[in-house]
Amino acid sequence: MKVLAVASAGGHWIQLLRLTKAFEGNEIIYISTKMGFKTMVGDNEYHIIQDSNRKNKLGLLKTFMQVIKLVKSIKPSIIITTGAAPGLMCIVAGRILGIKTVWVDSIANVEELSMSGKIASKIAHIIYTQWPELATGKIKYRGSILS
Amino acid sequence: MIFITIGTQEPFDRLIKAMDEIAGLYKNKEFVAQVSNTNYVSNNLKTVEFLEPAEFEKLFNEAELIVSHAGMGSIISALTKRKPILVVPRLMKYREHRNEHQLATAKKMEQLGYIRVAYDTDELKDKVMEILKLEAVEPLRNLGNYASVELLESLRLDAINVK
């Protein structure tokens, strides 16, 4: 099975790398926003996409086109992301292409889900928070990246 | 060596300026700061821009203390490398972040006993001086390299259950 693991640079990426042990034995393909991160994923396939945020609407659109193309060509069985905007785009792309999608909201969001997480909670098949206080029926809490 | 990191986003000159002043008090100690898009010119810090993972890791490993913004990337990196970390949250009122989540993260992680926090630059100075007086600074907690077993198991089942 192909697992597509996505996160933007910084804390999102560091958290993602603590999760992918769950998919050991499968082919894991990574997407992030910094070229240098290739060195952090060993022999796994790695793709870079342009980083973007809500401030730059055209940038968002460009990244989204890039994401759709990439997800289409990779054809993963499942997409997992810790955010932020590029991760949300992969969730949307996954949904359009009929792929199972999992959102793990960043542990940095202790009082409420992130903006992207709130949107993802309406789109992703499965959504996790890393804080028990934020769990609801749909939003699951099953521990965190701290261990 | 003290390593100061502000993550990959916006500048955080309030922290850099405060650490520059503190570094001036310790002429025999090296202070290295990772900065981005800054206008502030440091007198006492050795500054570097965005670092490749290997360079970042080298500085992290050499540091006796990490001073950073309240980003989870920096916090997790410090705790897995068994480095003591002192965190200063970016605040919305100074336009250092678009929301107040670093303050909430810092409070929560401090309350759970993972990190030391300074909520303003006066407290930062006091805490750095207090820490550097110690013979050896220990991290408050250590982390392994992976998420909790429960979360990994739940994700593993999510993948198995793909129809």
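We name chains A, B, ... by the order of the sequence lines, and we start the count at 1 in each one. Fair warning: this is a prediction, and the values are worked out from it, not measured in the lab.
Of the atoms belonging to A:Ile14, it is side-chain heavy atoms, and not backbone ones, that fall under 4.5 Å from chain B. Residue contact with chain A, scored on non-hydrogen atoms closer than 4.5 Å, involves the side chain of B:Leu112 exclusively. B:Thr80 touches chain A through its side chain: at least one heavy atom from C-beta onward sits under 4.5 Å away, while N, CA, C and O do not. Heavy atoms of A:Ile99 lying under 4.5 Å from chain B are absent altogether. Contacts between A:Val3 and chain B at a heavy-atom distance below 4.5 Å are absent for every atom of the residue. If you measure heavy-atom distances from B:Ile76 to chain A, the contacts under 4.5 Å come from the side chain alone. For A:Trp13, no part lies near chain B; criterion is any non-hydrogen pair under 4.5 Å. Proximity to chain B is limited to the side chain of A:Ile126, based on heavy atoms less than 4.5 angstrom apart.
Without hydrogens or angle criteria, B:Lys46 side chain to B:Glu30 main chain gives no donor-acceptor distance under 3.5 Å. Panel note: side chain B:Asp20, backbone B:Asn43; a donor-acceptor pair is recorded below 3.5 Å. A donor-acceptor pair under 3.5 Å is absent between the side-chain atoms of A:Thr82 and the main chain of A:Ala7, judged by distance alone. Side-chain atoms of B:Arg14 do not come within 3.5 Å of backbone N or O of B:Tyr94 as any donor-acceptor pair. Of the possible donor and acceptor atoms, none in the side chain of A:Thr129 sits under 3.5 Å from a partner among the backbone N and O of A:Ala135.
Between atom CD1 of residue B:Ile16 and atom OG of residue B:Ser42 there is a gap of 6.5 Å, rounded to the nearest 0.5 Å.
Heavy-atom minimum distance, A:Thr39 versus B:Pro53: OG1-CG, 3.9 Å. The minimum heavy-atom distance linking A:Ile79 with A:Pro76 is given by the pair CG1-CG, 3.9 Å. Closest approach of B:Glu96 to B:Arg90, counting heavy atoms only: O-NH1, 3.2 Å.
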message: Working note: A:Ser114 + A:Asp105, criterion side-chain hydrogen bond (donor to acceptor under 3.5 Å, both in side chains); need CA distance, chi angles, decisive distance, verdict.
response: CA-CA 7 Å; A:Ser114 61; A:Asp105 205 50; 2.8 Å; yes
- request: Starting from the C-alpha separation in whole Å, work towards a yes-or-no answer on side-chain hydrogen bond (donor to acceptor under 3.5 Å, both in side chains) for A:Gln15 and A:Gln130.
  value: CA-CA 11 Å; A:Gln15 292 179 64; A:Gln130 299 193 50; 2.9 Å; yes
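Residues of residues 121-141 of chain B lying within less than 4.5 angstrom of chain A, judged on heavy atoms, are absent. Along residues 23-30 of chain A, the residues that come nearer than 4.5 angstrom to chain B, judged on non-hydrogen atoms, are A:Phe23 in order of number. Residues of residues 60-75 of chain A never come closer than 4.5 Å to chain B when only heavy atoms are counted.
Not counting sequence neighbours, the partners of A:Lys140 by the salt bridge (charged side-chain N to carboxylate O under 4.0 Å, His left out) test are B:Asp158.
Here the side chains of A:Ile49 and A:Thr33 are in contact, with some heavy-atom distance below 4.5 Å. With a 4.5 Å cut-off on side-chain heavy atoms, A:Trp131 and A:Ile107 count as touching. Side-chain contact between B:Thr38 and B:Thr47: absent, with no pair of heavy atoms (C-beta onward) separated by less than 4.5 Å.
Among B:Ala106, B:Ala159, B:Ala54, B:Ser77, the residue making the largest number of heavy-atom pairs under 4.5 Å with chain A is B:Ala159. Of the listed residues (A:Ser144, A:Ala9, A:Ser77), the greatest number of heavy-atom pairs within a distance under 4.5 Å of chain B belongs to A:Ser144. Options B:Lys108, B:Met109, B:Glu52 differ in how many heavy-atom pairs under 4.5 Å they form with chain A, and the most are formed by B:Lys108. Of the residues considered (A:Ser106, A:Ala108, A:Gly10, A:Gly143), A:Ala108 shows the highest number of contacts with chain B, using heavy-atom pairs under 4.5 Å. The candidate from B:Asn145, B:Asn99, B:Val149 with the greatest count of non-hydrogen atom pairs under 4.5 Å with chain A is B:Asn145. Chosen from A:Arg18, A:Met115, A:His125, A:Glu112, the residue pairing most often with chain B at heavy-atom distances under 4.5 Å is A:Arg18. The most heavy-atom pairs under 4.5 Å with chain A, out of B:Glu153, B:Lys107, B:Glu150, come from B:Glu150.
Applying the salt bridge (Lys or Arg N to Asp or Glu O under 4.0 Å) test between B:Glu64 and each of B:Lys83, B:Arg82, B:Lys29 identifies B:Lys29 as the sole match.
Residues B:Met92 and B:Phe12 do not share a hydrophobic cluster, defined by chaining ILVMFWY side chains whose heavy atoms lie under 4.5 Å apart.
Below 30°, between 30° and 60°, or above 60°: for B:His97 and B:His101 the angle between ring planes is above 60°, a perpendicular geometry.
The number of heavy atoms from other shown groups lying within 6.0 Å of NZ (A:Lys2) is above 12. Sparse packing is recorded around CD of A:Glu111, with 12 or fewer heavy atoms of other residues, nucleotides or ligands lying under 6.0 Å away.
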